[in-house]
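This chain uses plain numbering: 1 for the first residue, then up along the sequence. On a predicted model such as this, the values are computed, not experimentally measured, just so you know.
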Amino acid sequence: MADGGVQWYDLSGFQLNLLREIVDSEKPSGQTIRRNLEARTGDRINHGRLYPNLDELVDHQLVEKGEQDRRTNYYEVTDAGRRLAEQIADDFDHATTQPLAAATDGGSTDE
């Protein structure tokens with residue numbers, strides 16, 4: 001949990017992808033995030049989807065929004081956002097390195 005607030009599973013997959021793009025970039029604009037994500041996923045992303053989701057990340061205090069110029073904003077990950085991104089990486093790394101528990105059938109046999 002990032003500072004007792006939002007957990008990774010509280011975010012949509014799209015929001016997690018946005019957070020990843022922002023963590024991996026230095027103060028990207030919304031258009032830079034959109035282009036990078038479109039290149040990575042092959043999906044078209046429209047403004048009506050992009051900016052409300054970026055604003056939610058700002059509202060959750062995972063990302064800060066600043067002004068590059070009058071027309072362009074940049075996005076920067078906060079400490080809470082970085083901790084959440086690290087938690088996500090740790091959780092998924094842990095999940096992929098742990099063997100699945102053996103399923104039991106309650107003692108019955110298939111003989």
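- Summarising the geometry of Gln68 relative to Lys27, their closest heavy-atom pair is NE2-O, 3.5 Å, with the distance given to 0.1 Å.
- We find the CG-CZ distance between Asp79 and Arg83 to be 5.5 Å, quoted to the nearest 0.5 Å.
- Contact between Gly81 and Val77 at its shortest, heavy atoms only, is C-CG2, 3.5 Å.
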Task: Leu11 and Leu84: CA distance, side-chain angles, deciding distance, side-chain contact (heavy atoms from CB on, under 4.5 Å) verdict - done: CA-CA 11 Å; Leu11 302 176; Leu84 182 61; 3.9 Å; yes
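- Taking the salt bridge (charged side-chain N to carboxylate O under 4.0 Å, His left out) definition, one finds that Arg35 meets it with nothing, sequence neighbours left out.
- The environment of Glu76 atom CD is dense: over 12 non-hydrogen atoms of other residues, nucleotides or ligands sit within 6.0 angstrom.
- Of all heavy-atom pairs between Leu16 and Trp8, the closest is CD2-O, 3.9 Å.
- Note that CZ of Arg34 is 9.0 Å distant from OG of Ser29, once rounded to the nearest 0.5 Å.
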Task: Derivation of the side-chain contact (heavy atoms from CB on, under 4.5 Å) call for Leu57 and Leu18 - done: CA-CA 9 Å; Leu57 294 177; Leu18 291 174; 3.8 Å; yes
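- Applying the salt bridge (Lys or Arg N to Asp or Glu O under 4.0 Å) rule to pairs touching residues 60-73 yields Asp55-Lys65, sequence neighbours excluded.
- To the nearest 0.5 angstrom, Glu38 atom CD is 8.5 Å from Gln31 atom CD.
- Of all heavy-atom pairs between Val23 and Ala85, the closest is CG2-CB, 4.0 Å.
- Separation of atoms OG1 (Thr41) and CZ (Phe14) is listed at 8.5 Å; rounding is to 0.5 Å.
- Here CD1 of Ile45 is found 6.5 Å from CG of Asp43. Values are rounded to the nearest 0.5 Å.
- Under a hydrophobic-cluster definition in which Ile, Leu, Val, Met, Phe, Trp and Tyr are linked whenever side-chain heavy atoms come within less than 4.5 Å, directly or via other members, Leu50 and Tyr74 are assigned to different clusters.
- With hydrogens and angles ignored, the 3.5 Å screen pairs no side-chain donor or acceptor of Asp10 with any backbone N or O of Val6.
- Shown here for Leu54 and Gly30, the closest heavy-atom pair between the two residues is CD1-CA, 4.3 Å.
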TODO: Apply the test side-chain contact (heavy atoms from CB on, under 4.5 Å) to residues Ser25 and Ile33: give CA-CA distance (whole Å), side-chain angles for both, the deciding distance (0.1 Å), then the verdict.
DONE: CA-CA 9 Å; Ser25 303; Ile33 295 165; over 6 Å; no
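- Atoms CG and CG, on Leu19 and Leu62 in that order, are 6.0 Å from each other to the nearest 0.5 Å.
- Taking the charged nitrogens against the carboxylate oxygens, Arg82 and Glu86 have no contact shorter than 4.0 Å, which rules out a salt bridge.
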